[in-house]
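Just so we're clear, the structure is a prediction, and the values are computed from it rather than from any experiment. The chains referred to below are lettered A, B, ... by the order of the sequence lines, with proteins before strands, and numbering in each begins at 1.
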Protein chains: 2
Amino acid sequence: MDVKVLIKEAKDSVISQTAEYALRAIIYLAEQPDESRNNREVAQETKVPLNYLAKVLQCLARNGIIVSQRGAKGGFKLARGPEAISVYDVIQAVDPLHRITSCPLELEQHRDHLCPLHRRLDDAMALVEKSFRETSISELIEPVLQIG
Amino acid sequence: MDVKVLIKEAKDSVISQTAEYALRAIIYLAEQPDESRNNREVAQETKVPLNYLAKVLQCLARNGIIVSQRGAKGGFKLARGPEAISVYDVIQAVDPLHRITSCPLELEQHRDHLCPLHRRLDDAMALVEKSFRETSISELIEPVLQIG
DNA sequence: ATTAAATAGGATAATTATGTCCGAATTGAT
DNA sequence: ATCAATTCGGACATAATTATCCTATTTAAT
């Protein structure tokens, strides 16, 4: 029984809900080459709440991951090829991972090196960061299953 | 500029604040062999909010990571040697990592396998989990600096 | 037995993250 | 020029997480 249960309910992942939404949207756009897709359509296909997705897409556009087009026939499309966008790029745009650069306890002895705990925690984050940097969106497009 | 900035302020790590507090407390107890330390003392030394720490310690005790002793001269101490407690044990007690076992989109095609995105995200979590399982609390005790 | 020190645990408050709504601005089509 | 489709962006609402407070219960010491 964890603290959350003591108090309420919970779920956890290595990325936030927001980052997950952003990735789903980007992958969907990557599957639709060139054509702009609008917020409503992306929301439907990715099952992300419509109005929240609008914010997320806005943010991705501001960060140059996608380009937006207002007005009739407007929508969003990738700013560059999916092989040139990493999972890391998407996450950093929307909800950046922060590496640990100093011990939160701010002990004098830890001024210029992390204590063993934060060294380890940051190492774990480094692993995750590396994995995300090395994965491009093009690798995450669902292979279409062929019958035969 | 990320979504959070659009809306508010933020910070992120691979573990929750609660899990970080639990680890600090456990490491502190590991540095004090055998003797019980009370909540007040642990809170001071680890800079964790007193009343919140009480919950966290309670939870660790319920999960058999530490043992609590009520009454005068009471307090908390490790239930077993620090080499026999992993970072993973502590985190799972307090704020468990959940591996991804099914695609949140719940597409029919993903019934028995994860889609590429969630496959990757879970792989990243597996790395983190492995790293935490392999690290024992005894490895995180601050080496005392000697002059000379 | 009494007392003081300490944990246990429920209720509640504050903060942060997630999600909604709506009007303004932009733009393609007619 | 007007209209309809669409993003933009601010304000607001809800939910989850983190933090505090208060009282009850347990227990060692005297």
Side-chain angles (χ1 to χ4, degrees), chain A residues 1-13 15-22 24-25 29 35-44 46-63 66-77 79 91 94-96 98 104, chain B residues 1-13 15-22 24-25 29 35-44 46-63 66-77 94-96 98 104:
Chain A
M1 200 181 345
D2 56 75
V3 173
K4 308 298 179 51
V5 168
L6 230 198
I7 304 171
K8 230 162 259 182
E9 197 51 55
K11 67 182 157 185
D12 252 348
S13 170
I15 62 169
S16 69
Q17 189 69 286
T18 302
E20 150 112 30
Y21 290 165
R24 285 197 220 162
L29 292 176
E35 303 172 68
S36 278
R37 298 289 164 168
N38 70 30
N39 182 47
R40 181 170 31 77
E41 184 180 8
V42 178
Q44 261 167 27
T46 59
K47 297 188 182 174
V48 174
L50 183 77
N51 295 293
Y52 197 61
L53 180 63
K55 302 294 187 197
V56 173
L57 290 173
Q58 229 177 106
C59 182
L60 289 168
R62 268 192 275 101
N63 282 85
I66 61 182
V67 292
S68 64
Q69 173 66 50
R70 284 182 167 192
K73 303 259 178 178
F76 303 90
K77 64 182 179 188
I91 292 174
V94 135
D95 190 12
H98 297 293
Chain B
M1 201 186 337
D2 57 76
V3 173
K4 309 296 179 51
V5 167
L6 230 198
I7 304 171
K8 230 163 253 179
E9 197 51 54
K11 68 180 155 186
D12 253 347
S13 170
I15 62 170
S16 69
Q17 188 70 289
T18 303
E20 151 109 31
Y21 290 165
R24 284 196 221 163
L29 291 176
E35 303 172 64
S36 277
R37 299 288 163 168
N38 69 30
N39 182 46
R40 182 169 30 76
E41 184 179 8
V42 178
Q44 262 168 28
T46 60
K47 296 188 182 174
V48 174
L50 183 77
N51 295 292
Y52 197 63
L53 181 63
K55 304 292 189 197
V56 174
L57 291 173
Q58 231 177 102
C59 181
L60 290 168
R62 268 191 277 102
N63 282 85
I66 62 181
V67 292
S68 65
Q69 175 63 54
R70 285 181 166 195
K73 302 257 177 183
F76 302 89
K77 64 182 179 189
V94 135
D95 191 12
H98 298 292

* Asked: Any side-chain heavy-atom pair from A/D95 and A/I15 closer than 4.5 angstrom?
  -> no
* Quick one: side chain to side chain contact (heavy atoms under 4.5 Å, CB included) partners of B/N38, sequence neighbours excluded? -> B/R40, B/E41
* What is the distance from CG of B/D95 to P of D/dA16, rounded to the nearest Å? -> 15 Å
* Please state how far atom CZ in A/R37 lies from atom C1' in D/dT6, giving the value in whole angstrom units. => 15 Å
* To do: Return the minimal non-hydrogen interatomic distance between A/A25 and A/V42, and the atom names on each side.
  => CB-CG1, 3.9 Å
* Structure fact -> With A/L57 as partner, the option from A/V94, A/I66, A/V48 fulfilling side-chain contact (heavy atoms from CB on, under 4.5 Å) is A/I66
Using nucleotides 25-30 of chain D, report all nitrogen or oxygen pairs with the protein that are shorter than 3.5 Å.
{"residue": "D/dT25", "atom": "O2", "partner": "B/R70", "partner atom": "NH1", "Å": "3.2"}
{"residue": "D/dT26", "atom": "O4'", "partner": "B/R70", "partner atom": "NH1", "Å": "2.3"}
{"residue": "D/dA28", "atom": "OP1", "partner": "B/Q69", "partner atom": "NE2", "Å": "3.0"}
{"residue": "D/dA28", "atom": "O4'", "partner": "B/A72", "partner atom": "O", "Å": "3.3"}

* Selected nucleotide, minimal atom distance to B/Q17 side chain, candidates D/dG9, D/dT18, C/dA8 -> D/dT18
Between protein and nucleic acid, restricted to nucleotides 20-22 of chain D and to nitrogen or oxygen atoms under 3.5 Å apart, what atom pairs and distances do you find?
none

* **Between D/dT18 (C1') and B/R24 (CZ): distance, integer Å** => 13 Å
* For D/dC8, does either OP1 or OP2 sit under 4.0 Å from a side-chain N or O belonging to A/S68? -> yes
* Check the pair A/R24 / A/K47 against side chain to side chain contact (heavy atoms under 4.5 Å, CB included), numbers first and verdict last. => CA-CA 9 Å; A/R24 285 197 220 162; A/K47 297 188 182 174; 4.2 Å; yes
* Asked: What integer distance in Å separates B/E20:CD from D/dT18:P?
  -> 11 Å
* Asked: Can you check the A/K47 NZ to C/dT18 P distance for me, whole Å?
  -> 20 Å
* Asked: Between atom CG in A/N38 and atom P in D/dC8, what is the gap in whole Å?
  -> 12 Å
* To do: Return the value, rounded to whole Å, for the distance between atom CG of A/L57 and atom C1' of D/dT6.
  => 13 Å
* Working for side chain to side chain contact (heavy atoms under 4.5 Å, CB included), residues B/N39 and B/F76 -> CA-CA 8 Å; B/N39 182 46; B/F76 302 89; 4.3 Å; yes
* Asked: Just to confirm, is there a sub-4.0 Å distance from OP1 or OP2 of D/dT18 to any side-chain nitrogen or oxygen of B/T18?
  -> yes
* Side-chain heavy atoms of B/S13 within contact of B/E20, under 4.5 Å -> no
* Could you give the CG-to-C1' distance, from B/N39 to D/dA19, as a whole number of Å? -> 13 Å
* Asked: How far does CZ of B/R37 sit from NZ of B/K77, to the nearest 0.5 angstrom?
  -> 12.0 Å
